[in-house]
Structure formats: structure tokens, C-alpha cells
Amino acid sequence: MTFWLDVAVATPVHSQVGGLLVYRSNEALALGSLVRVPLGKREVLGVVWGVHNKAAQGLHAPSVREVCGALAGIEPLCQGWRALVQFAAQYYQRAIGEVALAALPPQLRDLNDAQLARRLKRPSGADAALSSAMLAPWPLSEQQVAVLDNIEEGSGPFLIFGATGSGKTEVYLQAVACCLAADPNAQALMMVPEINLTPQLEERVKARFGEAGVVSMHSGMTAPQRLKSWLAAHSGTARIVLGTRMAVFASMPHLKWIVVDEEHDASYKQQEGARYSARDLAVYRGRLEGAKVLLGSATPSLESWHHSRPAQEGGRYQRLHMPTRIGAGQLPAVRRVDMNHQPRKTVLSAPLMAAIQERVARGEQSMLLLNRRGYAPVLHCADCGWKSQCAHCSAFKVFHKIDRSLRCHHCGFSQRVPRACPECGNADIEAMGRGTEQLEEHLGELLAGVCRPDGQAVQIARIDADSTRLKGALAMQLAQVHSGQVDVLVGTQMIAKGHDFRRITLVAAVNPDGALFSSDFRAPERLFALLMQAGGRAGRDAAQSAGSEMWVQTFHPTHALFEALKKHDYPSFAAQQLTERLEAGLPPMSFQALLRSDARTQEVAQNFLNNVKQDLHALCALDSTDAAALAQVSLYPAVPMSIQRVANVERAQMLIESPSRQALHRVLTLMQALLHAARSKPQHKGLIRWLVDVDPLAI
Ligand code: ADP
Ligand code: ZN
Ligand code: ZN
């Protein structure tokens with residue numbers, strides 16, 4: 001007997017094939033089975049997605065190729081997983097096969113049967129029974145107990161809005177422990193923004209639940225490690241998967257709990273291929289599979305905050321508040337330095353320096369935040385006006401003094417710093433603006449001669465993407481901070497997140513004003529979260545928390561954002577932002593998608609988008625339902641992206657916006673076919689690629 005199957009395979013992004021191809025098989029294969037199938041001259045991995053409806057498609061039988069075989073010893077992917085992938089593909093406008101195959105470990109594709117069989121035989125840890133010491137090593141706080149009671153009774157999704165250090169992580173661990181103890185098969189998924197930045201959490205989870213039942217999933221793992229974790233989760237031996245955004249697609253047949261820590265973090269959004277939000281998919285997956293979902297943050301995304309408004313106002317999430325720090329630790333006092341009253345060109349103001357020196361003398365640590373790496377963002381010749389413009393991008397090359405290089409952070413182009421101005425020969429080229437490298441140097445000068453209590457010279461360290469490029473460098477640098485070798489730490493946002501530094505009592509934002517007047521409507525939200533997070537690094541040790549401080553150097557000290565920060569008042573900041581968003585018709589009160597095109601020239605890039613828009617209007621005129629949807633959607637004219645050219649590619653974008661999610665999606669779906677058709681038109685010669693970003697984080 002012959003069976004006709006729709007199989008999901010990883011077809012190239014822009015192929016019309018939608019990702020499902022028809023194959024035949026002599027044996028019945030369950031939906032979700034992993035199979036090898038011929039594709040062109042290759043043999044590729046596929047997932048059996050459906051039984052092909054032969055009659056409906058008028059299939060030409062002889063041309064249909066045969067499945068090579070199913071992967072032995074691996075259970076089919078469950079219905080819940082397939083539904084998640086299908087939803088993600090449809091929602092983020094990609095092919096099912098592309099999303100499905102990207103969610104599987106690459107070695108499933110690359111290993112042959114014999115190699116796979118060996119991997120399957122290998123014992124996955126001594127015994128996956130969970131450690132019996134799952135419960136908290138200390139009595140829970142009243143606040144933690146109250147929140148856990150709510151979680152027990154409610155169905156979620158829950159949003160824990162809890163101060164940094166209020167014991168949220170402990171709540172996640174307890175909730176997961178209860179769930180796993182109640183059901184011997186249950187599995188839990190815990191997602192974190194970036195595992196490398198929070199190795200402590202991994203340790204904490206493993207210490208609590210035992211090594212055997214916990215697996216990690218993140219992009220820093222080797223292919224064999226990824227396969228091993230995946231098999232353990234898929235077979236049910238792993239009870240807990242701890243991972244980054246990619247883990248939202250982990251195959252977990254008994255998934256009962258999903259935790260999304262720091263749910264506001266931008267790294268939950270995938271920025272290539274299917275541009276999914278792992279946080280949003282987690283909520284969807286929870287509903288799909290009947291798993292409870294718990295989001296947590298000290299500064300929730302405005303989306304989640306809005307979703308957790310009272311139910312009578314339409315809220316869908318249950319908001320749980322944890323305002324108090326464990327051990328009655330206090331949040332840092334916020335000090336604003338009005339830079340209008342400082343001498344011109346002041347980088348680090350006198351009062352801030354005095355406060356830092358005091359900390360050094362007391363043996364406490366300080367942390368300085370500047371969101372720009374390198375020495376100076378641009379080199380400049382005062383004689384002729386030359387600037388270190390990148391030849392390939394509409395951006396400046398950044399001056400890195402350490403290796404005397406000029407580097408473009410967009411295309412990666414790097415060269416030695418010229419000895420003199422390349423235009424006029426002036427030997428005196430100047431650095432404009434400053435980055436972390438320069439701040440570190442400047443701080444060294446200002447603190448020269450300052451000593452720690454043990455009489456040694458003050459130690460300054462810098463942590464950013466440059467200082468941590470080598471493998472293991474970040475872990476080593478963090479260990480130095482934890483051990484107390486470092487007195488003053490300079491860094492980018494990398495140091496603001498998650499670290500449980502015990503001895504930091506002062507955090508300073510050196511120059512945060514840029515985000516106040518950015519054209520990106522989410523910039524204030526990001527800045528507020530960053531500053532609250534950074535402040536959360538100060539005074540984590542309750543004994544020292546009373547004197548802990550968060551400093552902000554600003555030319556706009558009375559700005560509403562800093563007023564709210566001073567009171568640690570996220571709700572009032574959120575309320576003010578949401579009012580602005582409502583008035584401007586911006587998310588979360590509306591829904592957006594970005595249509596982007598890359599081309600040889602800006603004209604081609606923009607024309608492509610504008611022409612597709614015209615095609616769309618023509619198409620919708622033919623159908624009253626389509627026309628009604630389009631009437632609710634605004635398609636803005638194509639514009640150059642804010643960094644218009646990167647690596648000699650011109651980039652344009654078109655914003656698509658609607659108060660109705662449904663209307664927006666109907667229009668996006670109609671647009672897919674038009675985009676494919678327009679691509680091959682001769683007038684769009686020079687077009688390189690296009691992509692759709694649904695719910696973009698930056699526009
Ligand atoms: P958050 O995730 O909100 O930042 P954590 O759960 O990491 O907070 O807790 C902050 C600190 O307090 C951690 O060092 C943690 O080990 C400790 N802690 C958490 N809950 C308790 C508790 N009930 N009793 C004592 N210490 C606790
Ligand atoms: Zn010059
Ligand atoms: Zn460049």
C-alpha cells in the first residue's frame with residue numbers, strides 16, 4: 001500500500017514552496033515522524049506533517065519521490081509541538097519547514113543512522129530522578145508564599161512584577177518544584193535572556209534539582225551537546241530545560257510549566273530568519289499545551305504590563321506584585337547630577353568622583369555604565385572636516401585605542417588608525433565623543449593615587465563586547481569582580497543584567513540622555529529598564545543596601561523618566577508611556593509589522609516596497625473582505641532605514657500598522673504572494689532580499 005505524505009523540509013527562505021512537499025511511503029508513518037527524504041540531489045531531514053490530500057491537489061503520481069526512511073528510535077514530535085511550529089510560521093510569515101527544521105538540533109540532520117543509534121544508546125546521565133532537596137533551603141518570605149498561593153490557584157499566564165532581589169527566582173524554582181513533584185512525568189521550561197551572562201542561575205537550578213534532570217539549550221553549545229539536550233528533553237528524561245529563546249521550541253512531550261525570566265529583555269526576539277518573540281510564543285505554547293506560564297521582571301515590557309491590567313479592563317494576565325527586597329534590603333537611592341552646572345566637557349562630575357573614591361576607601365565596589373564600546377565613536381579632523389566614515393556603510397568607524405584600529409561595528413571592516421588626516425595630511429586628528437575604553441582610561445587618571453583599605457592601588461576593570469571576545473574571558477572577568485579584586489567596573493549594558501554582585505554599592509549611568517529624545521518610541525522604555533536593572537546591581541547584600549546609590553549624570557534632571565526612576569516607580573513610568581502610546585496609536589495599543597528590502601540601490605529597495613503596496617491595493621479591491629481588512633491597515637511610504645547602507649547594501653523599510661491584529665495578519669498573508677511575484681519582475685533588478693518582521697522591536 002502507498003501512503004501520500006506532506007513533509008516539512010527546510011526549503012530556501014524565498015522559495016514559493018511553503019515548506020511542505022509531497023512524498024510517498026510504503027509504510028504508514030505517524031504525524032511528527034522524523035524522516036529522511038530526497039530533495040534535488042540531496043537527502044534531507046524532514047518531519048511528517050500531514051496526510052496528503054491527493055484528490056484535491058490533482059497530483060501527478062509518478063513524479064512524487066519516496067521517503068528514504070524514518071529515523072529509528074526517535075519518537076514522533078507531538079501534536080503540541082507541531083501546532084506551535086505551525087502557528088509560529090503563520091504568525092511570523094515564514095515557511096513551516098523552515099521553522100520546524102530550525103528548531104531541531106543540526107546533528108539530527110548531519111548524523112547517519114549508525115551514528116545516531118550510538119547517541120541514542122548512550123545513557124543520558126546516571127539517573128534522571130530529581131534530587132530530593134528540591135525545596136528552598138530557607139523559609140520563604142511572606143511575599144513569596146502569597147505569590148505562590150496565587151499561582152497554585154490561578155491558571156495564568158502570570159506576570160510577576162517584582163523588585164530586583166525580591167526573590168522572584170526562588171518563586172520560579174518553587175513553582176517548578178511543586179509541579180514536578182506532583183507529576184512524575186511533568187517537564188518544565190525555564191527561559192532566560194542570555195545564559196552566558198547568568199551562569200549563576202544555571203548553577204542554582206542544577207544545585208536545586210540535581211544535574212541529571214536538567215539540560216541547557218542555547219547557541220553557545222556544541223552540536224553534540226545540543227543533540228544530547230534535545231534527545232533528553234524529547235524523550236522526557238530531562239525534567240527541566242533551561243535555555244535562551246531557542247528553547248521555546250524544545251520538544252517536551254510532558255510540558256507543564258514555562259517560566260520566562262526578565263521577560264522584557266530584547267534578546268527574546270530572534271533577529272533573523274523567522275523573527276519570533278520567544279516570550280510571546282511561550283504564552284501561546286502554554287495555552288496550547290495546558291502548561292502554566294509565568295513571566296517575571298522588575299521592569300516588565302509595556303506589552304506584558306498592558307496585558308496584566310485588571311481583568312475588568314480587559315487584562316488577560318494575572319499580575320503578581322513583589323515590592324520588597326529579601327532581608328528588607330533597600331533599593332538604591334537615586335542621585336541625579338545636573339550636567340548643566342558642571343564645567344563644560346565634564347565626563348565624570350566631581351560629586352560622582354567623590355562618591356566613588358569614598359567607596360574605594362571603604363572597600364566597596366562601584367559600577368559605571370556607558371552604552372558605547374571602543375575609545376571614541378568617531379575620529380575627526382578639525383582642519384578639513386574629515387570624519388572616519390565607513391566606506392561601505394552609512395556609519396562611522398569607531399576608534400579602538402588598544403590596538404589602534406578603526407572598526408566599523410556594522411560591517412566589521414577594520415583598519416589601522418591613519419597617522420594623519422587622509423584628506424589634508426593634518427597630523428592632529430581628534431577623537432570625538434567617548435566609549436568605554438576612554439572612560440576606563442579617564443577614570444584611571446582621575447583615581448591615580450587612590451588606595452583601597454589594604455593600601456593597594458585602586459583596580460579598574462572594563463567589561464564589554466571587546467573585552468570578552470575570547471572564550472572564557474567574560475567568566476574570568478566576572479569572577480574577578482565577585483572576588484573583590486576589582487574596585488571600579490566600567491562597562492556597557494552587559495554588566496547591568498542579572499549578575500548577583502554582592503559588594504557593589506554604587507552604580508552610575510554616565511551619559512544616558514541619548515535615549516530620551518530618540519526617534520525610536522521604545523527607547524525610553526529600554527532606558528528605564530536598563531537603569532532599573534543597573535540600579536538593581538547595587539546593594540544586593542542587605543547589610544550594605546542602606547548606603548547604596550544609583551547615580552545619573554544628565555542634562556535633563558527633571559525629565560519624567562528620571563523622576564519615576566528616583567522613586568523606583570515603574571507603574572507611574574509605564575502609565576505615562578502607555579498614555580503617550582495610546583495617543584499616538586502605537587503598540588501595545590496597535591500592532592505593527594515592518595517590511596524590509598535590501599538592494600543594490602536605495603531606489604530599487606524603496607520601489608520594490610512601494611510597488612508591492614500598489615499591488616496590494618489592486619488585489620484588495622477585488623474582494624470585499626480583503627478591502628475591509630486593508631481599510632483598517634496603514635501602510636506608510638517606504639523610507640531608508642536609520643542606518644541606510646551596511647556593507648554596500650542599501651536598506652529600506654515600510655511600516656505597516658493596524659489597531660486590528662486580524663486585519664494586519666490578513667494583509668500580511670495576502671502580501672506574501674505579491675512579494676514573491678514582484679521579486680522576479682525586471683523593474684526590481686538589483687533587489688537582494690526582502691523580509692517581514694512582525695511585532696518589530698525597533699522601527
Ligand atoms: P530576584 O530573582 O527577584 O532578583 P532572587 O530569587 O535571586 O531574587 O533572590 C535574591 C537573593 O535572596 C538571592 O541571593 C536568593 O538566594 C535570596 N533569597 C531568595 N529567597 C529567599 C528567602 N526566602 N530567604 C532568604 N534568602 C532568599
Ligand atoms: Zn583633514
Ligand atoms: Zn561598515
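One-based numbering, in listed order, for ligands and for the atoms of each. Values in this document were obtained by computation on a predicted structure and should not be read as measured data.
- Side-chain contact between Arg245 and Gln270: present, with at least one pair of heavy atoms (C-beta onward) separated by less than 4.5 Å.
- Every pair passing salt bridge (charged side-chain N to carboxylate O under 4.0 Å, His left out) that includes a residue from residues 402-411 is listed here, sequence neighbours excluded: Asp403-Arg407, Arg407-Asp466.
- A salt bridge links Arg359 to Glu549: one of the charged nitrogens lies within less than 4.0 Å of a carboxylate oxygen.
- In this structure, Lys269 does not pair ionically with Asp280, as no charged nitrogen and carboxylate oxygen lie closer than 4.0 Å.
- Between the side chain of Tyr268 and the backbone N or O of Glu263, no donor-acceptor pair lies under 3.5 Å.
- Shown in contact with Leu140 at under 4.0 Å from a heavy atom are these atoms of ligand 1, numbered in order with element: 23 (N).
- Of the heavy atoms in Gln144, only side-chain atoms (C-beta onward) come closer than 4.0 Å to ligand 1.
- Nearest residue to atom 8 (O) of ligand 1 from Ser297, Ser141, Ala298, Gly167 is Gly167 (criterion: closest heavy atom).
- No donor-acceptor distance shorter than 3.5 angstrom exists from the side chain of Glu211 to the backbone of Val215, with no hydrogens or angles considered.
- Numbered from 1 in the order shown, with element, the atoms of ligand 1 that lie under 4.0 Å from a heavy atom of Ala163 read 3 (O).
- Between the Gln477 side chain and the Ser467 main chain, a donor and an acceptor come within less than 3.5 Å of each other.
- With a 4.5 Å cut-off on side-chain heavy atoms, Leu687 and Ser597 count as touching.
- When heavy-atom distances to ligand 1 are checked against a 4.0 Å cut-off, Glu262 has no atom that comes that close, whether in backbone or side chain.
- No side-chain heavy atom of Gln653 sits less than 4.5 Å from a side-chain heavy atom of Leu595.
- When side chains are defined from C-beta on, Leu565 counts as touching Phe528, because their heavy atoms get closer than 4.5 Å.
- For the pair Thr492/Arg372, no side-chain contact is recorded, criterion being any heavy-atom separation below 4.5 Å from C-beta on.
- Look at Gly162 and you'll find every heavy atom at least 4.0 Å from all atoms of ligand 1.
- For ligand 1, none of its N or O atoms has an N or O atom of Thr164 under 3.5 Å away.
- Relative to atom 2 (O) of ligand 1, the option among Leu201, Ile160, Thr169 with the closest non-hydrogen atom is Thr169.
- Distances from the Zn ion (ligand 2) under 2.8 Å pick out these protein N/O/S atoms: Cys381 SG, Cys384 SG, Cys421 SG, Cys424 SG.
- The Zn ion (ligand 3) has Cys390 SG, Cys393 SG, Cys408 SG, Cys411 SG as protein N, O or S atoms under 2.8 Å away.
- Contact annotation: Arg204 has at least one heavy atom less than 4.0 Å from an atom of ligand 1.
- Each salt bridge (charged side-chain N to carboxylate O under 4.0 Å, His left out) pair with one or both residues in residues 414-433, not counting sequence neighbours, would appear here, but there are none.
- Looking only at side-chain heavy atoms (C-beta outward), Thr244 and Met191 stay at 4.5 Å or farther from each other.
- Backbone and side-chain nitrogen or oxygen atoms of Pro139 are examined, and one is located within less than 3.5 angstrom of a nitrogen or oxygen of ligand 1.
- Between Gln644 and Gln602, some side-chain heavy-atom pair lies under the 4.5 Å cut-off.
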